[in-house]
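In this text, all values refer to a predicted model and were calculated from it rather than measured experimentally.
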Amino acid sequence: MNNPTFSYVLLLFLLIFTCLREIIAKAEEADTQLYIIYLGHKPHDDHELITDSHHDILGQVIGSKEEGKKNMVYSYRHVFSGFAAKLTDSQAKQIRELPGVIRVIQNQIYKTHTTRSWDFLGLSKSDPNNLLNKTNQGDGIIIGIVDTDLIKFFLTFYKLHAKRQFFIGIWGDLEGFNDKELGPIPSRWKGSCKSEANFNATKHCNKKIIGARWYIKGLMEEYKLNQTMVEKSYNLSPLDEDGHGTHVAYTAAGSYVNNIQYYGLNMGTSRGGAPLARLAIYKVCWINKVDGETYLGGADALAAIDDAIKDGVDIISASVGFNGRVFSEVDFESLLGIGSVHAVSHGIPFVAAGGNTGPEPNTIGNVSPWIITVAASNEDRDIVTPLTLGNNNTILAQEIFQGKNQAFAPLLVARDVTNKEELKSIVKEVKGKVVMIFLEDKKDVLFYLTTLNNTGVLALICVTPPLEQNTDFNQLIGVPIPFFTVDVEQGTQILDYFQQCKSNNQDPMIKLGQTRVVEGNEVFQKVAKFSSRGPNSFAPDILKPDVAAPGVGILAAAPPNKGNNGFQLMSGTSMAAPHVSGIVALLKVAHPDWSPAAIKSALVTTAWNEDTYTYEIYSEGTNNLANPFDFGGGISNPNGAMDPGLIYDMDKNDYLNYLCTLGYKNDMVQNATSYFFDTTNSTICPNEVPSRLDLNLPSISISNLKNSIIVRRTVTNVGDVNSIYKLVVKPPKKYRD
């Protein structure tokens, strides 16, 4: 018997049930987070079978193999075994208990750390006896850049007029990546460069840029971005989104570009450190449109490293890392630590930026002992604009002034302007004056310039905090108001002068000078204020950083709508790291049989420091001379590293002992390392674990010295076989009698 009422009720129940299932499913999906399941060595070389095993493992906690496939983001199968998947907290706990699972790590978000520098380092093209020319400028080496990528799709916003204007640039092949002097691509290269979206491989890839890939799945899961949203917000291709990757890649291995004009200044010829090396680009960084910062997901970085090793790169350069104090950023707790140890085990040096959170101590990142961690110093050239105060003291400001020398003008320090509304309140006071404002956020600069436009203000000086000093504000050249930046110390000097004048009923005055390039002895050598400092907060007995390299005001290639004439200035340890990557490329040619540890040792032991450099090296922001916690061994000395005499080499057993000192269990260390260590013995870590102090590093750091202690090192002679070496112990200046 048909009952319409019953049918309607049943239909309504089914609809409610279906809706509830969808609501529950969406709620469960919202509760998921991205986890990386690290399984250690890969059991065999059948990549499809490895991925299938990952689906099986995931299916055990998800409910079925098919559901496991849907929740998997990456399968790591080329160099090691593991996968990234969407899991709830309870599922993550379940999967931790499964046999063969070494580590379950929640996805980590990293940040990017954004000429004459090579002459400063002793690698002039005109010297036939230096490392550059003795290695044919790095020919044959492939450098993998894990960063934002290569050519710029540029979108910016200027609000200098009542009407909003959007300037959308185009991408194109840059002269800085020309392949005019290069031969065929090395036959061992297994990577790819293919056209997709707005990326034209025929146009953007050549014999210089031989590979280009991109990764965003990890970041999508971290921020719950759907495909439609991502496609609208990002250019899903290897095209660069902010110029950071272009700059980094060029610094490491850019081609020669002559007669560079940068905002009217003659900058001569520019190139990268190994101009005949090849570049493989792995785009993992994406701009957050809300805060303007560039982020990457650790799952994406791990996938990029896995591919880079498979593709056949010789070096990996990563200008990324955590900002701030890090207490577990190493080894099995760090995705970069996991990826980098696998790279080094394959003979691939891993160079990484130390971070931009200095000058506070204990802020250094990328602290694994197998990583070459780089701090930022300056070079012996600077572009400055003199600002002369009424008391004849001169402040050397950054940014470029294209006008003529001016007479003294009234100075107004708007130190009480802490927000946009307060700025509007002083508009009537600024006509005919130079105004200084303490900048809290770099994004406010455009607002300040907009608000002060057409007010008759002569110039704007912004006092920038340390973390904003890696921004190239020269891109604002061309706006109606001359614009300069000074650091906090310089800003304080100007403020003190201003207040003194006011207290004495005098008119504070300032004069804008002509921008000039200063070189050589006029520039004090220093470790940049923003450069992150040691000691190593995770393992204080492992000295970090390892070395420093130029990272302040570095001129390198820029996308068409960034910088000027295809180049821009940038600062940061992101700029320092590719300097070292370029040097490592040359060293790989000079000494193809050297291990990553040997290369690192040569860099550290020959670096310029307080005892070997002609002039004193300062630690900016601390008012002290630089020490090993500022720059490790010192400022990189490429020609010295070519012939270090003795090296402190390490093999896989040294790294194994280090992992044992961290307290990991035997089975965990065995599973993680059996691919590249001989761990047939079930007892991996000895009963008496060697002291971490005896790790054969080219440095000695004792964190808690109370009594005398024995520290062991083994040296290897790579110099003349008849060399005679003498031991000389010289403590740091601070501790000398």
Side-chain angles (χ1 to χ4, degrees), residues 114-119 125 143 145 147-156 158 167-182 198-200 202-209 212 235 237-279 281 283 319 379 381 383 399-400 402 470-479 515 517 550-551 553-572 574-575 578-579 582:
T114 242
T115 62
R116 182 180 166 82
S117 60
W118 295 111
D119 289 346
K125 187 182 180 183
I143 303 176
I145 304 292
D147 205 281
T148 60
D149 244 336
L150 63 145
I151 316 295
K152 170 78 172 176
F153 172 79
F154 185 52
L155 172 64
T156 191
Y158 288 90
F167 298 87
I168 303 177
I170 59 172
W171 54 94
D173 49 337
L174 299 179
E175 181 63 18
F177 299 115
N178 74 74
D179 61 359
K180 298 172 185 176
E181 300 182 41
L182 294 172
N198 294 317
F199 182 79
N200 185 334
T202 303
K203 183 178 182 180
H204 295 307
C205 287
N206 54 16
K207 291 182 290 185
K208 166 61 74 173
I209 298 173
N235 179 23
S237 79
L239 291 173
D240 192 2
E241 294 210 314
D242 73 345
H244 187 274
T246 304
H247 197 283
V248 166
Y250 183 85
T251 301
S255 303
Y256 286 91
V257 180
N258 299 317
N259 302 317
I260 297 171
Q261 295 291 318
Y262 186 69
Y263 294 111
L265 296 174
N266 183 7
M267 306 300 287
T269 297
S270 181
R271 62 170 173 84
L276 296 188
R278 319 304 172 104
L279 289 164
I281 309 299
K283 178 178 179 179
S319 289
E379 54 178 312
R381 178 177 71 180
I383 301 174
E399 318 322 326
I400 297 173
Q402 292 183 306
N470 61 350
T471 303
D472 180 16
F473 289 112
N474 284 322
Q475 62 183 294
L476 300 177
I477 291 177
V479 300
T515 299
V517 178
I554 303 302
L555 186 70
N561 283 32
K562 192 82 168 177
N564 182 250
N565 290 329
F567 283 81
Q568 68 173 329
L569 292 171
M570 293 184 75
S571 298
S574 284
M575 285 66 247
H579 275 86

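The two residues Thr246 and Pro559 make their nearest non-hydrogen contact at OG1-CG, 4.2 Å. Of all heavy-atom pairs spanning Ile260 and Ser270, the tightest one is CD1-CB, 3.1 Å. Nearest heavy-atom pair across Pro275 and Gly272 is CD-O, 3.5 Å. Summarising the geometry of Phe199 relative to Ala212, their closest heavy-atom pair is CZ-CB, 3.9 Å, with the distance given to 0.1 Å. Of all heavy-atom pairs spanning Met570 and Gly243, the tightest one is SD-O, 4.3 Å. Scanning all heavy atoms of the two residues, the minimum distance from Gly176 to Val257 falls at CA-CG2, 3.7 Å.
Cation-pi geometry between Lys125 and Tyr256 is satisfied (NZ or CZ under 6.0 Å from the ring centre, within 45° of the ring normal).
Atoms CZ and CG, from Arg278 and Leu182 in turn, are 4.5 Å apart once rounded to the nearest 0.5 Å. Tyr250 contributes atom OH, which lies 13.5 Å from atom CD1 of Ile145 (distance to the nearest 0.5 angstrom). Residue Lys207 holds its NZ atom at 10.5 Å from CG of Asn178, rounded to the nearest 0.5 Å. In this structure, CD1 in Ile383 is found 3.5 Å from CE in Met267, a value given to the nearest 0.5 Å. The line from NE2 of His579 to CH2 of Trp118 is 5.0 Å long, rounded to the nearest 0.5 Å. Atom NZ of Lys283 and atom CG of Asp240 lie 6.5 Å apart (nearest 0.5 Å).
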Open item on the list: Determine whether Gln568 and Leu555 satisfy the following criterion, side chain to side chain contact (heavy atoms under 4.5 Å, CB included), listing intermediate values before the conclusion.
Closed with: CA-CA 5 Å; Gln568 68 173 329; Leu555 186 70; 5.8 Å; no
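Under the side chain to side chain contact (heavy atoms under 4.5 Å, CB included) criterion, Ala253 pairs with Ile143, Lys208, Ala277, Leu279, not counting sequence neighbours. Taking the side chain to side chain donor-acceptor pair (under 3.5 Å) definition, one finds that Asn258 meets it with Thr269, sequence neighbours left out. Partners of Asn565 by side chain to side chain donor-acceptor pair (under 3.5 Å), not counting sequence neighbours: none found.
Checked by atom type and distance alone, the side chain of Ser571 pairs as donor or acceptor with a backbone atom of Gly553 at under 3.5 Å. Put simply, the side chain of His247 gets close to the backbone of Ile554: a donor and an acceptor are under 3.5 Å apart.
Of the N and O atoms on the side chains of His244 and Ser319, not one donor lies less than 3.5 Å from an acceptor on the other residue.
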